[in-house]
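So the structure is just underneath, and the comments pick up after that.
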Amino acid sequence: MQALAPDLLADTRELSAAVSAAGLVLGLALWLFGWRGHRFWVVLTATLAGGIAGLSRSPAYGLQPLVAGLLAAVAAGVLALALARVVAFAAGAAAALVVVGAAVPAWDQPLVTALVGGLLGVSLFRLWAMALTSAAGTLLIGYAALSLLDRLGTLDAVGWAGENSVLLNWLWASVSLLGLLAQFLLERRRVRKTRKAEEAAKAKAAEDEEKKRKKATAPAPPPSTLWGTVVAGVKRMAG
């Protein structure tokens, strides 16, 4: 298995330098902020997949491709967040079947393996999403960077990727793991800042409430009399 397939690189290197640079920036954003914007990425992926499926399947149902693609894209985008956990369950089950089948071939309990893997996928949804976005962002960075270098005439991307497939696989795995760690640290920092802000807001609200309570329970000033007002005015004039 090759992380960066030469056949796909042969197609992506035909893209313009601007498109490759945009792909590089998008991959970096996905690699570093995948979990923070995971709702956006889920909706975007589902919308694009739904639109492509609608366009490709429209002739079978006698619909206009544009209408079918638009309706399928909107429907997939609306249902994306609701089905995210279902997708996580299915992805966890599939991953468990692949890993257990490769590591323990003698284990002949596919239903148990799929259910356990699916439950782990749902319970570890945040970690799963971080790992997936980091891996996808790393792939996008790799394809965009090699295509850009090939476009600029610095490197023969297809030949170099075919000769260094093992190195590219290790680089992809290492950078994906680094992205997972970076996302985890950024998320923990964000949660810590949010918690501190909430605690500060609660402390300020409690302080304001205490001030209001003290003001409400403070003794009222004695009523002023005409003689007291005259005396105070004379003192002010004399002073």
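Residue Leu149 holds its CG atom at 11.5 Å from CG of Asp156, rounded to the nearest 0.5 Å. The structure places CG of Leu4 at 10.0 Å from CG of Leu167, a figure rounded to the nearest 0.5 Å. Atoms CG and CG, on Leu180 and Leu127 in that order, are 5.5 Å from each other to the nearest 0.5 Å. Distance CG/Leu155 to CZ/Arg13: 10.0 Å, rounded to 0.5 Å.
One hydrophobic cluster, built from ILVMFWY side chains closer than 4.5 Å, holds both Leu120 and Val112. A single hydrophobic cluster is seen to contain both Leu24 and Leu32, as judged by linkage of ILVMFWY side chains at heavy-atom distances under 4.5 Å, directly or through other members. Put simply, Ile52 and Val74 are part of two different groups of oily side chains (I, L, V, M, F, W, Y) that touch within less than 4.5 Å, one to the next. Both Leu44 and Leu140 are part of a single hydrophobic cluster, where members link through side-chain heavy atoms under 4.5 Å apart. Linking ILVMFWY side-chain heavy atoms closer than 4.5 Å, directly or via other members, places Val116 and Leu124 in two distinct hydrophobic clusters.
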(message) Run the salt bridge (charged side-chain N to carboxylate O under 4.0 Å, His left out) test on Glu187 and Arg190 for me, step by step, so that the C-alpha distance in whole Å, both residues' side-chain angles and the decisive distance to 0.1 Å come before the verdict.
(response) CA-CA 5 Å; Glu187 179 64 15; Arg190 186 190 67 81; 2.6 Å; yes

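Residues Ala129 and Trp35 approach most closely at CB-CE3, 3.6 Å, considering heavy atoms. When all heavy atoms are compared, the tightest approach of Ala17 to Leu148 is O-CD1, 3.6 Å. Residues Thr113 and Val100 share a closest heavy-atom pair of CG2-CG2, 3.6 Å. Of all non-hydrogen atoms in Gly54 and Ala72, the two that sit nearest each other are CA-CB, 4.0 Å. The nearest pair of heavy atoms linking Gly50 to Ala76 is CA-CB, 4.0 Å. Of all non-hydrogen atoms in Trp172 and Leu139, the two that sit nearest each other are NE1-CG, 3.4 Å.
Within a 6.0 Å radius of CG in Asp108, other residues, nucleotides and ligands contribute 12 heavy atoms or fewer.
Judged by distance alone, the side chain of Ser123 and the main-chain N or O of Leu119 form a donor-acceptor pair under 3.5 Å. Counting only distance, with no hydrogens or angles, the side chain of Trp31 and the backbone of Val175 share a donor-acceptor pair below 3.5 Å. The main-chain N or O of Ala144 is never found under 3.5 Å from a side-chain atom of Ser147 such that the two would form a donor-acceptor pair. Between the side chain of Asp150 and the backbone N or O of Ala157 there is at least one donor-acceptor pair closer than 3.5 Å. Between the side chain of Ser165 and the main chain of Ala161, no donor-acceptor pair closer than 3.5 Å is present.
Within the 4.5 Å cutoff, the side chain of Trp160 has heavy atoms near those of the Leu146 side chain. A heavy-atom distance below 4.5 Å is not found between the side chains of Phe89 and Phe125. Leu30 places none of its side-chain heavy atoms less than 4.5 Å from the side chain of Ile141. Contact annotation: the side chain of Leu111 approaches that of Leu115 to within less than 4.5 Å [non-hydrogen atoms, C-beta and beyond]. Taking 4.5 Å as the limit, some side-chain heavy atom of Leu185 sits within range of a side-chain heavy atom of Leu181. A heavy-atom distance below 4.5 Å is found between the side chains of Trp170 and Val166. Side-chain contact check for Val19 versus Glu14: every heavy-atom pair is 4.5 Å or farther apart.
Under the side chain to side chain contact (heavy atoms under 4.5 Å, CB included) rule, Val191 has a single partner from Arg195, Arg189, Arg188, which is Arg195.
Under a 4.0 Å N-O distance rule, the pair Asp208/Lys204 qualifies as a salt bridge. By the 4.0 Å N-to-carboxylate-O rule, Glu210 lies close enough to Arg213 to be salt-bridged with it.
For the residue pair Gln183 / Thr133, a side-chain donor-acceptor distance below 3.5 Å is found, with atom types taken as modelled.
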